[in-house]
Asker: 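Attaching a single structure in structure tokens format; questions to follow.
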Protein chains: 2
Amino acid sequence: MNAPVSTPTSAPALTKNQSLVFDVLDRADAPMSAYTILDRLRDHGFRAPLQVYRALDKLLEFGMVHRLESLNAFVACAHPESECCGKGHGHGHGTVAFAICESCGHVSEFHDHEVDHRLGDWAKAKNFKPAKTTIEIRGLCGACAA
Amino acid sequence: MNAPVSTPTSAPALTKNQSLVFDVLDRADAPMSAYTILDRLRDHGFRAPLQVYRALDKLLEFGMVHRLESLNAFVACAHPESECCGKGHGHGHGTVAFAICESCGHVSEFHDHEVDHRLGDWAKAKNFKPAKTTIEIRGLCGACAA
DNA sequence: TCAATTGCGTTATGCTATAACGTGTGTCAT
DNA sequence: ATGACACACGTTATAGCATAACGCAATTGA
């Protein structure tokens, strides 16, 4: 009784734990640490960090969640349109960048093809084979800077 | 007897602890965690993580060391030429990017003005005020990919 | 049916980072 | 000089992030 359950709607079928973790992240308006997610899910039977980390690993693999390296925290992917962020099966659309407001915590996810291109060129010139690229801008969002 | 000691040579005068930490990083051929640095310096009287973290904080502030967010580790700045990386007093030269080999651990530090420019444009358009930008490419270096 | 795979739960542990306290030492305005 | 201040330092304790290693249950498919 622990296998993924296919939903009427979208992409890869999520297990119960994966759904719970994703829903928490998707409803959040700021990144959450694994332990914060754990606390949110105690009422649903979560007791240990591994339950969260295992779900997160899968969600990351599915491209439904991003990890913010500079925060050790996680966010739901902001543009669920089909194969969002690179691996799914489809094409994805390259590296995603994040602008993180240090005041309100809000995160904007965006993509810049030219940036991708420049970093790709550098890699090619150096014979470096990129696996995963992290771009995170920390600062103040428009609302908070005002 | 705990004040910075001015050296004949370069930039900001470092205290004993700061020098020790910097030397360890500078001699390393891969990023080091704070705790690894601590272990390297036990023989020099280091006993606690804070001794390392405090030194690192200053070295980061001086722009002599970079933190790799995706690794929770630190490297000495690769181009010590004068005011390296942004804050010193001088101008610096914008955001630095890192290519991190997941096989041999080697880190290449580089700068791409166009990438800076594009990210700056995005920020301007969104009215976002950047404070610090992280760019890290993980993958395989030329030598290891071969 | 049986082996392989995957998800799950639990306990224990390890790694990363900082809080809070007190000490000593230089600087400098008074 | 002296006292206020800033800063580096040392120590203990604790907080926060992540994974190892064990075993069980269910699904899949040869």
Asker: Could you list the protein-to-nucleotides 18-20 of chain D atom pairs, N/O on both sides, closer than 3.5 Å?
Answerer:
| from | atom 1 | to | atom 2 | distance (Å) |
| --- | --- | --- | --- | --- |
| D:dA18 | OP1 | A:Arg67 | NH1 | 2.9 |
| D:dA18 | OP1 | A:Arg67 | NH2 | 2.2 |
| D:dA18 | OP2 | A:Tyr53 | OH | 3.1 |
| D:dA18 | O5' | A:Tyr53 | OH | 3.4 |
| D:dA18 | N7 | A:Tyr35 | OH | 2.7 |
| D:dA18 | N6 | A:Tyr35 | OH | 3.1 |

Asker: Separation of B:Ile37 atom CD1 from C:dC15 atom P, in whole Å?
Answerer: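 B:Ile37 atom CD1 is separated from C:dC15 atom P by 15 Å.
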Asker: Sequence neighbours left out, what passes salt bridge (charged side-chain N to carboxylate O under 4.0 Å, His left out) with A:Arg138? Give chain and number order.
Answerer: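 Listed in chain order: A:Glu102.
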Asker: Please name all residues satisfying side-chain contact (heavy atoms from CB on, under 4.5 Å) with A:Arg42, sequence neighbours left out, ordered by chain then number.
Answerer: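 If we apply the side-chain contact (heavy atoms from CB on, under 4.5 Å) test to A:Arg42, skipping adjacent residues, the hits are A:Leu38, A:Asp39.
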Asker: Can you measure A:Leu59 atom CG to C:dG7 atom C1' for me and round it to whole angstrom units?
Answerer: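 Nearest whole value for this atom pair: 13 Å.
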Asker: How long is the line joining CD of B:Glu61 and C1' of D:dA8, in whole Å?
Answerer: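 After rounding, the gap between these two atoms is 13 Å.
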Asker: In Å, rounded to the nearest 0.5 Å, how long is the span from CE of A:Met64 to CG of A:Leu14?
Answerer: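 Interatomic distance, A:Met64 CE to A:Leu14 CG, rounded to 0.5 Å: 4.5 Å.
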Asker: Could you state the atom-to-atom distance from CZ of A:Arg54 to P of C:dT6 in whole Å?
Answerer: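 That distance rounds to 14 Å.
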Asker: Of all the choices, C:dT10, C:dG7, D:dT11, which nucleotide is nearest to the side chain of A:Lys58 once you look at every atom?
Answerer: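 The nucleotide sitting nearest to the side chain is C:dG7.
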Asker: Side chains of B:Thr134 and B:Glu69: is there a donor and an acceptor less than 3.5 Å apart?
Answerer: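 No, no side-chain donor-acceptor contact under 3.5 Å.
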Asker: Below 4.0 angstrom from OP1 or OP2 of D:dA8, is there any side-chain N or O of B:Lys16?
Answerer: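 No.
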Asker: Is there a residue in residues 21-29 of chain B whose heavy atoms reach under 4.0 Å of DNA chain D, and which residues are they?
Answerer: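 None - not one residue of the stretch has a heavy atom sitting under 4.0 Å from the strand.
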Asker: Can you tell me the distance, in whole Å, between the CD atom of A:Glu69 and the P atom of D:dC17?
Answerer: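 In whole Å, D:dC17 P lies 14 Å from A:Glu69 CD.
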Asker: Establish whether B:Ile135 and B:Ile100 are linked, either directly or via other cluster members, by ILVMFWY side-chain heavy-atom contacts under 4.5 Å.
Answerer: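 B:Ile135 and B:Ile100: separate clusters.
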Asker: If you look only at distance, which donor and acceptor atoms sit under 3.5 Å apart when one is on a side chain in residues 124-133 of chain A and the other is two or more places apart or in another chain?
Answerer:
none

Asker: Anything under 30° is parallel, anything over 60° is perpendicular, the rest tilted; go ahead and classify A:Phe110 against B:Trp122.
Answerer: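 A:Phe110 and B:Trp122: parallel rings.
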Asker: With sugar-phosphate meaning primed atoms plus P, OP1 and OP2, does B:Arg47 contact a base, only sugar-phosphate, or nothing at under 4.0 Å between heavy atoms?
Answerer: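 The answer is sugar-phosphate, as B:Arg47 gets under 4.0 Å only of primed atoms, P, OP1 or OP2.
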Asker: Between B:Gln51 and D:dG10, is there a side-chain N or O to OP1/OP2 distance below 4.0 Å?
Answerer: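 Checking D:dG10 against B:Gln51, a side-chain N or O does come within under 4.0 Å of OP1 or OP2.
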Asker: Using whole Å, what does the distance between atom C1' of nucleotide D:dC9 and atom NE2 of B:His44 come to?
Answerer: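 Atom NE2 in B:His44 sits about 17 Å away from atom C1' in D:dC9.
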Asker: Write down the distance between CG (B:Leu38) and C1' (C:dG14), rounded to a whole number of angstrom.
Answerer: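 For the pair B:Leu38 CG and C:dG14 C1', the rounded distance is 15 Å.
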Asker: How would you list, by chain and number, every residue that makes a side-chain contact (heavy atoms from CB on, under 4.5 Å) with A:Asp121, sequence neighbours excluded?
Answerer: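 Applying side-chain contact (heavy atoms from CB on, under 4.5 Å) to A:Asp121 gives A:His117.
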Asker: Over how many whole Å does the gap from B:Leu60 atom CG to C:dA17 atom P extend?
Answerer: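 In whole Å, C:dA17 P and B:Leu60 CG are 11 Å from each other.
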Asker: Looking at B:Thr15, does any N or O in its side chain come under 4.0 Å of the phosphate oxygens OP1/OP2 on D:dC9?
Answerer: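 Checking D:dC9 against B:Thr15, a side-chain N or O does come within under 4.0 Å of OP1 or OP2.
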Asker: NZ/B:Lys16 to NE2/B:His44 distance, rounded to the nearest 0.5 angstrom?
Answerer: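 Output value for this atom pair is 8.0 Å.
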